[in-house]
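Have a look at the structure below, then the notes.
In what follows, every heavy atom counts, from backbone to side chain, and hydrogens, waters and symmetry copies are set aside.
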Amino acid sequence: MPYNMVTLSARCFVFAVLFNFPTGAFGNDRKSNRRNVLVLIGDDAGFESPLYNNSIIQTPGLNYLAGRSVLFDNAFTSVSSCSPSRSAILSGLPQHQNGMYGLHNSVHHFNSFTDLRSLPLILQKAGIKTGIVGKKNVGPEAVYPFDFEVTEEQMSITKIGRNITLMKDKASEFLSYIKSDQQFFLYIGFHDPHRCGSTKPQYGEFCEKFGNGEPGMGLIPDWKPVHYNPEEILVPYHVQDTPKARSDIAAQYTTIGRMDQGIKLMLQLLEKYGYLDNTLVIFTSDNGIPFPSGRTNLYSAGISEPFLLSSPEGKAKWGQRNKELVSLVDIVPTVLDWYGLDYPDYKLQGHKVQLTGQSLLPLVHKDNSFDSVPTNSDYTTSDQVGKRTFQLKPA
């Protein structure tokens, strides 16, 4: 079956779980009834995964997370551009409401409105510890404050966004500060698989050489690079099939693999600190892949996103797909619903602020939210997934 994002919603797969995961495997059980959240954001990440009908690329981390999640086939960004999209993720308001009309970088310097009540700000006021590791790219700081922050504002985005060992260590540092009676919100912003050829050409078009251990490339201890033959990759329907495009996509696959292994590391940390069974996990991307009709475009390839939502209270739905139309502005109401918090009553630019997104928890907790999912001999059924114990084996 050809790889075509347009027909993604018509394709139902149930996911193979690639490793076992016994409780307490790391010997440090700090579980409590406190609810926590882990948000994982890919940078220009698309549908290059077996979860979305790409049988060539290997993404065991995402495969594992999918086995614990509901996978949404019709998820969309608010806008196909980095900072505006991330501002929507962290505010629950699309860019024309929160004020982040363009990129936050030093050249463009866009910011959200100073009176905006962002998600980290709301959570801080509720006593929930907040942390961010990796790419942030929103501002101002007073609007998007985190208790623990290691981003491109503190060090090179190549290091803190692509060095998954460094990201793991910083996330572990944050989790080590969390007391047994505290709740936390941890936001991980991968810089993979964003292009880097214009700024760091020595590392390759997608920084696929960064940290691979070769001379001058440095070493990322937790990353085991996977390389692909350009002749064997799957060219997305919106990209012209040329040797250059195939070479680009092969490099992109390698970089996606680094992000995928980073996702696995973050899930291992939840287990290590005893939080895997009380943490809501969300994986998505800011916008589409950096190819024609992708990022910065309003075509499907630019605005449609991968979206996984893992609720420890929705095990009966793990491994299933959902075709409901969802948006990245649904993340804030979903997180607030998980914590049992209300959105604040206030005005922005003289107008009462109301969230247009909705909590997605009913879709992953209730029995009547799903189409039936046919089984496939190559995958375990969702019923089998829900009854197994899993292990994320250390890299």
Between D43 and the options K136, R195, R86, the salt bridge (charged side-chain N to carboxylate O under 4.0 Å, His left out) test singles out R86
* To do: Treating Ile, Leu, Val, Met, Phe, Trp and Tyr as nodes and any side-chain heavy-atom pair under 4.5 angstrom as an edge, say whether F283 and L276 lie in one connected cluster.
  => yes
Discussion item. Starting from Y228, can I reach Y52 by hopping between I/L/V/M/F/W/Y residues whose side chains sit under 4.5 Å apart?
Written reply: yes
Open item on the list: Below 30° counts as parallel, above 60° as perpendicular, anything between as tilted: where do the rings of F185 and F146 land?
Closed with: parallel
Review point. Is the closest side-chain donor-acceptor distance between D147 and T130 under 3.5 Å?
Key: yes
### Message
Between S176 and Y273, do the side chains contain a donor N or O and an acceptor N or O under 3.5 Å apart?
### Response
no
Worksheet item: Does R246 make a cation-pi contact with Y253, if we ask for NZ or CZ under 6.0 Å from the ring centre and within 45° of the axis?
Response: no
Using modelled atom types and a 3.5 Å cut-off, is there a donor and acceptor pairing between side-chain atoms of T59 and backbone atoms of G61?
no
- Between D192 and T255, is any side-chain donor less than 3.5 angstrom from a side-chain acceptor? no
_Validation row: R258, I164 side chains within 4.5 angstrom (heavy atoms)_ = yes
Applying side-chain contact (heavy atoms from CB on, under 4.5 Å) to D345 and not counting sequence neighbours gives K352
Does one side chain, of N137 or H104, offer a donor that lies under 3.5 Å from an acceptor on the other?
-> no
Check: Stepwise, does the side-chain contact (heavy atoms from CB on, under 4.5 Å) test hold for N322 with L309?
Finding: CA-CA 10 Å; N322 188 289; L309 177 57; over 6 Å; no
Original post:
Does T254 reach the main-chain N or O of V226 with its side chain, forming a donor-acceptor pair under 3.5 Å?
Top reply: yes
For L328 and S85 the tightest heavy-atom approach is CD1-OG, 3.6 Å
Original post:
Is a side-chain donor-acceptor pair under 3.5 Å present for S80 with N287?
Top reply: no
Q: Evaluate the ring planes of F110 and Y101, with Trp represented by its six-membered ring, and classify them as parallel (under 30°), tilted (30 to 60°) or perpendicular (over 60°).
A: perpendicular
### Query
Shared ILVMFWY cluster between F72 and V329, side chains joined below 4.5 angstrom?
no
Is it true that a side-chain atom of S285 and a backbone atom of A45 form a donor plus acceptor pair closer than 3.5 Å?
yes
In short, disulfide bond (SG atoms under 2.5 Å apart) pairs touching residues 180-259 with sequence neighbours left out are C196-C207
*asked:* I'd like to check K272 versus S172 (side-chain heavy atoms, cut-off strictly below 4.5 Å). Are they in contact?
replied: yes
Salt bridge (Lys or Arg N to Asp or Glu O under 4.0 Å), that's the test. Do K264 and D222 meet it? Break it down for me. CA-CA 10 Å; K264 176 181 174 182; D222 289 295; over 6 Å; no
Quick check on the hydrophobic clustering: are L308 and I256 connected, directly or via other members, by side-chain heavy-atom contacts under 4.5 Å? yes
Residues passing the side-chain contact (heavy atoms from CB on, under 4.5 Å) test with S118, sequence neighbours excluded, are P120, L121, V143, Y144, P145
Worksheet entry | side-chain contact (heavy atoms from CB on, under 4.5 Å) between L116 and Y346, worked out | CA-CA 9 Å; L116 175 68; Y346 73 106; 3.7 Å; yes
Looking only at heavy atoms, the pair that brings W318 and G67 closest together is CB-O, 3.3 Å
Within a reach of under 6.0 Å around OH of Y339, are more than 12 heavy atoms found that belong to other residues, nucleotides or ligands?
yes
Which atom pairs, donor and acceptor, lie under 3.5 Å between side-chain atoms of residues 330-338 and protein residues at least two apart or in another chain?
| unit_1 | atom_1 | unit_2 | atom_2 | d |
| --- | --- | --- | --- | --- |
| D330 | OD1 | Q358 | N | 2.8 |
| D330 | OD2 | S327 | N | 2.8 |
| T334 | OG1 | D330 | O | 2.6 |
| T334 | OG1 | L360 | N | 2.9 |
| D337 | OD2 | S359 | OG | 2.6 |
| W338 | NE1 | N36 | O | 2.9 |

Could you walk me through whether R162 and H194 pass the side-chain contact (heavy atoms from CB on, under 4.5 Å) check?
CA-CA 10 Å; R162 300 187 194 268; H194 194 287; 4.0 Å; yes
Just so I know, are the side chains of K170 and Q154 near enough to count as touching, which here means a heavy-atom distance under 4.5 Å? no
* Verify the cluster assignment for I89 and L325: are they in a single hydrophobic cluster under the rule of side-chain heavy atoms below 4.5 Å apart? => no
Exercise for review: For the pair Q320 (side chain) and K317 (backbone), establish whether a donor and an acceptor sit closer than 3.5 Å, ignoring hydrogens and angles.
Suggested key: no
- Item | Side-chain donor-acceptor pair present, N98, S87, cut-off under 3.5 Å | yes
Handout entry: Validation row: N163, W223 side chains within 4.5 angstrom (heavy atoms)
Key = no
Side chain to side chain contact (heavy atoms under 4.5 Å, CB included) test vs M167 passes for just one of L265, V133, V150, namely V133
Residues passing the side-chain contact (heavy atoms from CB on, under 4.5 Å) test with T296, sequence neighbours excluded, are none
Answer yes or no: is there a side-chain heavy-atom contact under 4.5 Å between I41 and K135?
-> no
Practice problem: Would you sort out whether F184 and T279 count as a side-chain contact (heavy atoms from CB on, under 4.5 Å), showing the intermediate values? | Solution: CA-CA 9 Å; F184 67 83; T279 299; 4.1 Å; yes
Discussion item. Side chains of V138 and S112, heavy atoms from C-beta outward: is any pair under 4.5 Å?
Written reply: no
When every non-hydrogen atom of G134 is compared with those of I157, the smallest separation belongs to C-CD1, 4.4 Å
Could you check whether R34 makes a cation-pi contact with Y275, meaning its NZ or CZ is under 6.0 Å from the centre of the six-membered ring and within 45° of the ring axis? no
Q.
Please determine whether the number of non-hydrogen atoms from other residues, nucleotides or ligands lying under 6.0 Å from atom NZ of K168 exceeds 12.
A. yes
Under a 3.5 Å distance rule, please check whether D286 uses its side chain to pair with a backbone N or O of C82 as donor and acceptor. no
Only one of T151, V39, L119 passes side chain to side chain contact (heavy atoms under 4.5 Å, CB included) with Y187, and that residue is V39
Those residues at least two apart in sequence (or on a different chain) that pass side-chain contact (heavy atoms from CB on, under 4.5 Å) with A171 are L186, I188, M266, L269
dist K209:NZ -> K200:NZ (nearest 0.5 Å) comes out at 15.0 Å
Partner of N74 under side chain to side chain contact (heavy atoms under 4.5 Å, CB included), picked from K323, E324, E305, is K323
* Donor-acceptor pair, H238 side chain versus P292 backbone, under 3.5 Å? -> yes
- Message: If you define the side chain from C-beta out and look only at heavy atoms, does anything of V281 sit under 4.5 Å from L40?
- Response: yes
Is there a side-chain contact between P225 and E208 in this structure, where contact means two heavy atoms from C-beta onward sitting under 4.5 Å apart? no
### Query
Sub-3.5 Å donor-acceptor pair from the side chain of Q240 to the main-chain atoms of A245, do we have one?
no
